[in-house]
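The structure appears right after this line, and notes come after that.
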Amino acid sequence: MSQIYNFSSGPAVLPREVLQTVQAELTDWHGSGMCVMEMSHRGKEFTQIIHEAEADLRKLLNVPANYRVLFLQGGAHFNFGMVPLNLSKEGDTADYVDTGHWSRIAIKEARRYANVNVVTSNEDRGSTYVPDEASWKRSANAAYLHYCSNETIGGVEFPFVPASTFEGKDIPLVCDMSSNILSRPLDIAKFGVIYAGAQKNIGPSGLTLAIVREDLLGHARPGTPTMLDYQVHAAADSLYNTPPTFGIYVAGLVFKWLLANGGVAAMEARNIEKAALLYETISASNDFYRCPVEKAFRSRMNVPFFLHDDALNEAFLEGAQARGLLQLKGHRAVGGMRASIYNAMPFEGVKTLAEYMREFARSH
Ligand SMILES: *Cc1c(COP(=O)(O)O)cnc(C)c1O
């Protein structure tokens, strides 16, 4: 097959070199005679795989010693429930920032367990920006503050990290980083809990990453299902039950690929360049294409855009497909197009898309 570029929002593109390593090692991992899928999760081979994956992730994100790295399942969705169950008691208030689709799903789930105070919402301007932090209505007694650092569907990304103190009190900051973790350097020490489904910027679906500050472990509410208690997974080094072994293996290869390619600082530089090219192509199109997101909050990972005439959508997607530019259709809730350009999307892919967009605009 000729060169293709996959712009899926997730499960999403993986580094080609990683897939080639997986292929080469598939039936015989490092002379073991076994595929990683066939190994005991408690055997020495897999023990090495999971330890290296954790060590490499810690190196990439500079994870401080008082944080635990957890390899979980259940996706970001399980964490929507785990956060209130582990970080708040019955009757507690939890603060939530609403910047779009994924914030709202997290809020809906949290309402089953906590008094949710929505500190701000961007719905007034079509969910296209992050409201100024000074205007947020935080509660003094919040068990934590939750936000989504990159709204994958709306294409709204935080250009800042919210304050982890309010009125002099430390408030654990909880972040759904599913679609922009590892895309830029991060000061983990500002956070209480970070979680991310793997299928955007880490590896295969089925694996979920959580980074949890140690003092927040061990406080799950009575009645919390065992598998939803962060402490259970921390105490068992992510091996309480059978973990998603193959996903952890592939994620570990992605971490090695990131380290070999300059780490998250180098990724950030590349991601800025890729996103700039797409947004410039959109704004230079004389309104042929339009991105609804306000400039300061445009995501480096997910670029939503609309054609000036919806009737051209099918032709645009067909032409893209014919050039090997795949999965550009926007989320069903939003319509239009969306180009997801995670770490594993090469600059060349974005360049090819930008050229196609200019050509399509000229000919239509
Ligand atoms: C994809 C995504 C989710 C949902 O993830 P699952 O792993 O399917 O539960 C949640 N939040 C964000 C920001 C996402 O991008």
Side-chain angles (χ1 to χ4, degrees), residues 6-14 70-85 96-112 116 121-122 127-130 144-159 161-162 173-184 186 191 193-211 225 227-228 230 233 238 243-244 246-248 250-251 254 271 275 293 297-304 327 329-334 338-345:
N6 176 3
F7 294 91
S8 170
S9 59
V13 59
L14 284 162
L70 306 178
F71 296 108
L72 308 171
Q73 303 185 55
H77 277 79
F78 257 30
N79 282 274
F80 293 160
M82 289 170 94
V83 167
L85 284 170
Y96 276 73
V97 181
D98 169 15
T99 51
H101 180 92
W102 291 116
S103 298
R104 284 162 208 156
I105 305 226
I107 288 167
K108 190 166 168 228
E109 184 70 3
R111 283 207 166 110
R112 300 169 51 126
V116 170
S121 170
N122 65 357
S127 305
T128 56
Y129 74 111
V130 177
Y144 57 88
L145 177 94
H146 178 282
Y147 77 112
C148 174
S149 54
N150 183 64
E151 287 282 358
T152 320
I153 294 174
V156 171
E157 185 167 15
F158 273 71
V161 173
L173 200 53
V174 179
C175 187
D176 175 0
M177 277 190 204
S178 293
S179 52
N180 71 347
I181 193 164
L182 293 164
S183 70
R184 52 166 82 203
L186 190 63
F191 294 87
V193 175
I194 291 168
Y195 61 88
Q199 68 273 21
K200 283 42 184 279
N201 219 4
I202 299 175
S205 62
L207 167 66
T208 310
L209 183 72
I211 303 174
M227 287 296 288
L228 298 187
Y230 287 127
H233 297 284
S238 301
F246 200 74
I248 293 168
V250 178
V254 171
N271 291 330
V293 182
F297 312 105
R298 288 183 172 176
S299 170
R300 293 174 187 166
M301 297 282 101
N302 311 95
V303 180
Q327 309 206 66
K329 194 174 180 161
H331 189 272
R332 60 187 189 279
V334 183
R338 174 174 46 166
S340 295
I341 49 175
Y342 300 116
N343 286 340
M345 170 59 65

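In each ligand, atom 1 is the first atom listed, and ligand 1 is the first ligand listed.
- Near ligand 1, heavy-atom contacts under 4.0 Å come from G75, A76, H77, F80, W102, C148, N150, T152, D176, S178, S179, Q199, K200.
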Output side-chain donor-acceptor pairs under 3.5 Å for residues 147-156, partner residues at least two apart or in another chain, one line each.
{"unit_1": "S149", "atom_1": "OG", "unit_2": "N180", "atom_2": "OD1", "d": "2.8"}
{"unit_1": "N150", "atom_1": "OD1", "unit_2": "S299", "atom_2": "OG", "d": "2.7"}
{"unit_1": "N150", "atom_1": "ND2", "unit_2": "S179", "atom_2": "OG", "d": "2.8"}
{"unit_1": "N150", "atom_1": "ND2", "unit_2": "N302", "atom_2": "OD1", "d": "2.7"}
{"unit_1": "E151", "atom_1": "OE1", "unit_2": "H101", "atom_2": "N", "d": "3.4"}
{"unit_1": "E151", "atom_1": "OE1", "unit_2": "W102", "atom_2": "N", "d": "2.9"}
{"unit_1": "E151", "atom_1": "OE2", "unit_2": "T99", "atom_2": "OG1", "d": "3.2"}
{"unit_1": "E151", "atom_1": "OE2", "unit_2": "G100", "atom_2": "N", "d": "3.3"}
{"unit_1": "E151", "atom_1": "OE2", "unit_2": "S103", "atom_2": "N", "d": "3.1"}
{"unit_1": "E151", "atom_1": "OE2", "unit_2": "S103", "atom_2": "OG", "d": "2.5"}
{"unit_1": "T152", "atom_1": "OG1", "unit_2": "S179", "atom_2": "OG", "d": "2.7"}

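- From I107, atom CD1 reaches atom OG of S121 across 7.5 Å, with rounding to the nearest 0.5 Å.
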Side chain to side chain donor-acceptor pair (under 3.5 Å) between N6 and Y342, intermediate numbers included: CA-CA 10 Å; N6 176 3; Y342 300 116; over 6 Å; no
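- For the residue pair S183/R300, the side-chain donor-acceptor check at 3.5 Å is not satisfied.
- Remark: D98 pairs with R104 by the salt bridge (charged side-chain N to carboxylate O under 4.0 Å, His left out) rule, at least two apart or across chains.
- The side-chain hydrogen bond (donor to acceptor under 3.5 Å, both in side chains) test applied to R298 returns no partner, not counting sequence neighbours.
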